[in-house]
Amino acid sequence: MLSIEQIVNDPEFVRQKLVDRGEDPPIDQIIELDSQRRALVHEGDELRAKRNEVSRGGRPSPEQIAEMRSVGERIKTIEVEQEEIQGKLHELLIVLPNLPKDAVPVGADEESNIVVRDGSARVERDFEVEPNWDFAERTGIFDLPAGANMSGARFYVLKGKGAALQRALSDWMLDVHTREHGYIEIAPPFMIRSEAMTASGNLPKFADTMFHDEEDDLWLIPTAEVTLNYLHAGEIIDPGRLPLKYVAHTPCFRRERTAAGRDTRGIKRVRQFEKVEMFQFVDPKYSEGVLDEMIADAIDLCERLGLPWRLLALATGDISFQSAQTFDLEVWAPGSQEWLEVSSLSDCTDFQGRRSNTRFRPEGGGSPGYVNSLNGSGLALPRIVIAILENYQQADGTVSIPEVLRPYTGFDSIG
RNA sequence: GGAGGGGUGGCCGAGUGGCUUAAGGCGCCUGUCUUGAAAACAGGUAUGCCCGUGAGGGCAUCGCAGGUUCGAAUCCUGUCCCCUCCGCCA
């Protein structure tokens with residue numbers, strides 16, 4: 001949610017930032033509605049003040065009761081109007097995305113994304129790397145038909161060493177983040193209410209990308225971000241407790257209503273996958289550099305796994321709804337011959353704090369402010385599995401397990 | 001799923017239609033006293049919004065949302081959450 005004060009005080013700045021994202025924001029209408037709202041609030045307050053004054057002395061006279069009856073009716077009318085205006089205002093504001101930061105490349109889509117760092121030392125191989133789906137079918141570590149059979153397209157089953165590899169990865173990632181990067185591990189629910197989904201920015205605009213249970217009105221989480229963001233909803237966090245750094249390993253459920261045939265091979269784009277998610281609540285005063293820190297935390301995992309990676313600065317037209325700045329971390333898959341997005345790291349400024357009403361008390365006192373929130377995968381598991389199967393393939397057709405994972409897998413090769 | 005009990009400020013807790021502008025206690029902050037501290041005493045101690053350059057003034061909020069009333073923490077309805085018991089259950 002954008003701040004109404006900012007829209008009213010600096011309308012042209014806000015308009016330009018949203019135009020950069022490809023939006024056509026109804027700024028003038030918002031300002032007009034807010035001015036109407038203010039007038040109604042003022043009139044209502046004055047009438048209520050009058051009524052309170054009369055009520056304060058005990059039982060009023062019959063004349064006063066008659067007068068207050070009409071005052072009460074006018075208050076009711078104003079309240080109805082006010083509710084209508086505020087409803088319209090809320091509808092307009094709740095669908096406006098966050099404002100991109102100045103550093104974000106301006107551009108309509110992913111064509112304008114910029115590779116800002118490249119950590120990929122290409123390894124020359126004297127054999128052809130088998131794509132992960134072929135390797136997995138040959139060795140039996142994925143069972144794609146079984147997944148499709150029980151759940152439909154874009155569901156999959158991991159078997160044997162495939163399942164163990166994924167489990168080793170998530171355990172290892174959580175250990176690195178909690179023991180070395182300073183995150184607190186959270187095991188959240190995988191289904192949440194509409195309020196929480198709205199607070200993260202996934203509702204109301206992206207309802208059709210998620211799974212929903214009608215009977216209890218619960219949504220399956222598309223990422224742990226939506227749960228971590230709501231962890232302190234409605235709270236005023238005590239001074240000195242920020243930053244709060246959380247990490248969670250959860251399944252992620254997405255409808256993936258993309259064009260049929262796109263990214264259909266293997267487990268790259270699926271309707272349920274596992275992910276380790278990093279999340280931070282910070283004092284806006286100290287938010288500088290936090291995104292870089294989280295990027296470093298994600299890159300650290302790629303480095304330790306020995307995977308070639310690169311970092312992209314996403315353009316204004318490609319960052320997500322709640323984000324003010326996003327970097328994508330990709331790893332190279334030499335068998336499928338493509339870059340795989342394994343983490344998307346975003347600074348959401350105070351956009352989610354405002355929607356979840358998560359505030360903090362500044363050090364040294366003063367009135368509360370909205371927290372800043374940042375999130376990023378650390379990392380998405382199926383794609384890391386893919387990257388390991390292709391980067392660690394040997395000439396004899398086996399895959400060796402990265403050193404750091406061996407204490408977790410208990411085996412050192414597949415195939 | 002069924003039956004019952006409950007939700008009041010940072011915490012505890014009183015409050016069954018109007019002297020409630022939410023008592024009282026605890027905690028915290030400031031001051032007096034003290035060499036310092038404790039104790040005692042005095043004052044202060046929520047959030048949001050509106051008006052005002054400001055000093056300041058006003059409105060709302062007793063889980064949440066509606067309703068009844070001149071007037072609601074208090075009465076009514078719905079809803080969320082917590083507790084006890086029954087049922088079901090890894």
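On a predicted model such as this, the values are computed, not experimentally measured, just so you know. The chains referred to below are lettered A, B, ... by the order of the sequence lines, with proteins before strands, and numbering in each begins at 1.
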Set out, line by line, the N/O atom pairs under 3.5 Å between protein and nucleotides 73-80 of chain B.
from	atom 1	to	atom 2	distance (Å)
B:C80	O3'	A:Arg193	NH2	2.5

Short N/O separations, protein against nucleotides 46-49 of chain B, under 3.5 angstrom:
from	atom 1	to	atom 2	distance (Å)
B:U47	OP1	A:Arg361	NH1	2.4
B:U47	OP1	A:Arg361	NH2	3.2
B:U47	O3'	A:Arg359	NH1	2.9
B:U47	O2'	A:Arg359	NH1	3.4
B:G48	OP1	A:Arg359	NH1	3.4

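Sorted by first and then second residue, the pairs that involve residues 37-50 of chain A and meet salt bridge (charged side-chain N to carboxylate O under 4.0 Å, His left out), not counting sequence neighbours, are A:Asp34-A:Arg37, A:Asp34-A:Arg38, A:Asp45-A:Arg48, A:Arg48-A:Glu79, A:Lys50-A:Glu67. Legend: salt bridge (charged side-chain N to carboxylate O under 4.0 Å, His left out) pairs involving residues 172-192 of chain A, not counting sequence neighbours, sorted by first then second residue: A:Asp175-A:Arg179, A:Glu180-A:Arg304. Here ring pair (Phe, Tyr, Trp, His ring centres under 6.0 Å) pairs that include residues 202-229 of chain A, with residues two or more places apart or in two chains, are A:Phe206-A:Phe321, A:His212-A:Trp219. Screening residues 15-50 of chain A for ring pair (Phe, Tyr, Trp, His ring centres under 6.0 Å), with sequence neighbours left out, gives no hits.
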Show every donor-acceptor pair shorter than 3.5 Å between a side-chain atom in residues 282-292 of chain A and any protein atom, with sequence neighbours excluded, or say none if there are none.
from	atom 1	to	atom 2	distance (Å)
A:Asp283	OD1	A:Lys285	N	2.9
A:Ser287	OG	A:Pro284	O	3.0

Solution key, residues 236-244 of chain A side-chain donor-acceptor pairs under 3.5 Å, sequence neighbours excluded:
none

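For A:Phe279, the ring pair (Phe, Tyr, Trp, His ring centres under 6.0 Å) test picks out A:Phe281, with sequence neighbours left out.
Ring orientation note: the planes of A:Tyr183 and A:His181 are nearly perpendicular, at an angle over 60° on the 30°/60° scale.
Going from atom CD of A:Glu79 over to atom C1' of B:C50 covers 15 Å, rounded to whole Å. The distance between atom CD of A:Glu235 and atom P of B:G10, rounded to the nearest whole Å, is 13 Å. Atom pair A:Leu47:CG and B:C70:P shows a separation of 16 Å (rounding to whole Å applied).
Closest approach to the A:Arg51 side chain among B:G71, B:C59, B:C51 is made by B:G71 (side chain taken as heavy atoms from C-beta onward).
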